[in-house]
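Structure first, commentary second.
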Amino acid sequence: MHICHQRNTGSTSLLFYYERVRAFVLEDISTTTICDMNSIPVLTVKPWRALFDEKFHVVVGNLPPTQEVTLHSLHQSEDTDYWEAFGHYVSDAQGRVTVAKDPSVGGTYEGVEPMGLLWSMRPVPGSRTGLRLRRKKVHTPMVVHISVYSGHMSQGFREQVALASVVTERWYMAPGVRRVNITEGGVTGTLFLPPGPGPFPGVLDMWGGGGGLVEYRAALLASHGFAAMAIIYLFPDHKKNTTIGYPYFENAFRLLQDHPLVATDRIALLGISAAVPVVLSITAYSKTVKPRCCVCISGTHTGRIGATQSIAEAYSRIEKLYKKACRYEKNHIIGRDVFLPIPEDIDLKVEMGRITCPLLLVVGQDDQSNATVESADDMKQMMERAGNSNLLTTLSYPGAGHLIEMPYSPHCKVSSFLMPISRERVLALWGGLTKPHAVAQEDSWEKILGFLREHLCHSVKPHVQSRL
């Protein structure tokens, strides 16, 4: 196996910088508070450095009673776009705002929402259209500035002076997680290994039709004790995609299986969107890929991939359906109609009766990109007829859209999308309502981790999650 360990030199310098900034901020607050305790609001975020899926606690103290304030979060993405969220609060009789128990009365979220400052983030007014917040450099943190302002504000934050500000970090990689490049057997990917001697349960992680190498979910899985390998199976080079089929996924599975720190018989497949028919097809028909369990998010069993078929062939057929069947609304492409009605012809979908391992389906009931609700119903019926429905668990979320990601990720209803075969740039409508979608992300992630632990970890030494 050809591996290349990544050094986190950039991360180290960045952490050092923010440690210095934080030290100066705390020193300033401490000094000023001694001089005039009654006039200096104090903003705390604990923990200020955390894993991406950890909750933080935001408290503003030393305010006058019943003062109106606005809590504001700001993040500059790797593409240099700014994202923000804000909530309107009123301090209690002690002059405090505690986000975990006090309701926001307005803003990008309302009610008691401890993590609303993250999941309700949206591009600042005037931003480019079709933005989606995703992280490529998983070895460095997502930096979020949280500030408190006097009064109930909805705009013009840059023109105002904050009462107090804190810099926070959200990490996908816990301390000790190792990132390893994979370039063997024609497979391109990244393996994330938890700290410790192993052996660790393994997860082969595949993303959707956007293609490329997406690492952040695998990095977070490794932070929870799984040896997770993210792989590319859709390349920008169309000719390359004509060579990607069952042998590619079988090689990827074997590479993970044969790693000395991976428990050979404790490997799961995880796929979202366009990766779901890949996961289901190789699980049902491959003679060498035998996962212990599978997790499928926002996908369908239609679009079955044959044993001698390439990814390019399978996706070209689907893109032709898009041109004929999908409808447009406000120039947004709505993909779910492409998959309806669910075909009765067994040759056009995965034979679910061939699934012999536990299967978890995650479904957003307002998914506008895929017919996930109808597909889940049909998969259940097929498995009931085959007598293996005991292997199926379905999580279905009202008001959730297609892009069900990690907890506290900003809801993305519409974004720019590059069709994998034609390379046409479109605006894709993913669906979902912000609050229900946030609920789905938090609940499903907890249950996905629980499902993986149940089926992969009972004979593997338990791993204690590293906290930052």
Side-chain angles (χ1 to χ4, degrees), residues 1 3 138 172 177-194 198-235 244-299 305 311 350 355-362 405-406 445 448-449 451-457 460:
M1 182 179 293
I3 61 176
V138 296
Y172 288 100
V177 170
R178 288 162 287 171
R179 180 183 179 276
V180 183
N181 286 343
I182 303 296
T183 55
E184 185 185 346
V187 176
T188 302
T190 308
L191 174 63
F192 292 89
L193 293 168
F200 305 107
V203 179
L204 186 60
D205 185 17
M206 290 175 277
W207 282 80
L213 182 58
V214 183
E215 298 182 345
Y216 55 88
R217 185 169 60 197
L220 195 55
L221 284 168
S223 299
H224 285 276
F226 300 95
M229 189 164 81
I231 61 169
I232 304 177
Y233 65 95
L234 278 171
F235 292 81
I244 305 298
Y246 275 43
Y248 182 86
F249 300 107
E250 290 168 346
N251 287 345
F253 187 84
R254 279 194 294 265
L255 283 172
L256 184 58
Q257 191 175 46
D258 293 344
H259 194 282
L261 294 181
V262 176
T264 303
D265 61 342
R266 305 291 173 187
I267 297 177
L269 301 184
L270 170 58
I272 185 171
S273 188
V276 169
V278 175
V279 168
L280 293 175
S281 294
I282 61 176
T283 299
Y285 302 108
S286 173
K287 295 180 180 179
T288 59
V289 176
K290 302 298 178 185
R292 181 52 63 104
C293 63
C294 295
V295 177
C296 293
I297 306 168
S298 302
I305 300 170
I311 285 293
V350 176
I355 301 295
T356 58
C357 66
L359 170 63
L360 177 65
L361 300 181
V362 180
E405 299 200 53
M406 278 62 72
W445 180 247
I448 287 169
L449 292 176
F451 180 84
L452 292 174
R453 291 186 183 115
E454 177 186 356
H455 297 292
L456 300 182
C457 297
V460 178

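Please read all numbers here as calculations on a predicted model, not as lab measurements. Here, residue 1 is the first one in the sequence, and each next residue gets the next number.
Looking at every heavy atom in both residues, Ala252 comes nearest to Val187 through N-CG2, 3.7 Å. Taking all atoms of both residues into account, the shortest heavy-atom contact from Gly189 to Leu213 is CA-CD1, 4.0 Å. For Cys357 against Thr283, the heavy-atom pair with the smallest separation is SG-CG2, 4.1 Å. For the pair Gly202 and Leu456, the tightest heavy-atom approach, listed with the atom from each and the gap, is O-CD1, 3.7 Å.
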Evaluate side chain to side chain contact (heavy atoms under 4.5 Å, CB included) for Cys293 paired with Leu360, printing each intermediate quantity in order.
CA-CA 8 Å; Cys293 63; Leu360 177 65; over 6 Å; no
Where do Leu193 and His259 land on the side chain to side chain contact (heavy atoms under 4.5 Å, CB included) test, with the steps shown first?
CA-CA 10 Å; Leu193 293 168; His259 194 282; 3.8 Å; yes
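A heavy-atom distance below 4.5 Å is found between the side chains of Val278 and Ile311. Contact annotation: the side chain of Ile297 approaches that of Ile448 to within less than 4.5 Å [non-hydrogen atoms, C-beta and beyond]. Side-chain contact between Glu250 and Ile282 is absent, with no heavy atoms from C-beta onward closer than 4.5 Å. Under the 4.5 Å side-chain criterion, counting only non-hydrogen atoms from C-beta, Leu269 is in contact with Phe253. Taking the side chain as every heavy atom from C-beta outward, Leu270 and Leu221 approach each other to under 4.5 Å. Side chains of Ile231 and Phe249 form a contact here, defined as non-hydrogen atoms less than 4.5 Å apart. By the 4.5 Å heavy-atom criterion applied to side chains, Pro291 and Ile267 are not counted as neighbours. Proximity of Phe226 to Leu449: side-chain heavy atoms (C-beta onward) are separated by under 4.5 Å at one or more points.
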With a cut-off of 3.5 Å and sequence neighbours excluded, list every side-chain donor-acceptor pair involving residues 203-212.
unit_1	atom_1	unit_2	atom_2	d
Asp205	OD1	Arg217	NE	2.9
Asp205	OD1	Arg217	NH2	2.5
Asp205	OD2	Arg217	NE	3.4
Asp205	OD2	Ala218	N	3.4

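Atom OH of Tyr246 sits about 4.5 Å away from atom OG of Ser281, to the nearest 0.5 Å. In this structure, CZ in Arg254 is found 10.5 Å from CD in Glu184, a value given to the nearest 0.5 Å. Taken from CD1 in Ile182 to CG in Leu191, the straight-line distance is 5.0 Å, to the nearest 0.5 Å.
A distance-only check finds no donor-acceptor pair linking the side chain of Tyr285 to the backbone of Val350 [under 3.5 Å]. Of the possible donor and acceptor atoms, one in the side chain of Arg178 sits under 3.5 Å from a partner among the backbone N and O of Pro194. No donor-acceptor distance shorter than 3.5 angstrom exists from the side chain of Tyr172 to the backbone of Glu215, with no hydrogens or angles considered.
With sequence neighbours left out, Glu405 forms a salt bridge (charged side-chain N to carboxylate O under 4.0 Å, His left out) with Arg132. Under the rule for a side-chain contact (heavy atoms from CB on, under 4.5 Å), the partners of Thr264 that lie at least two apart in sequence or sit in another chain are Gln257.
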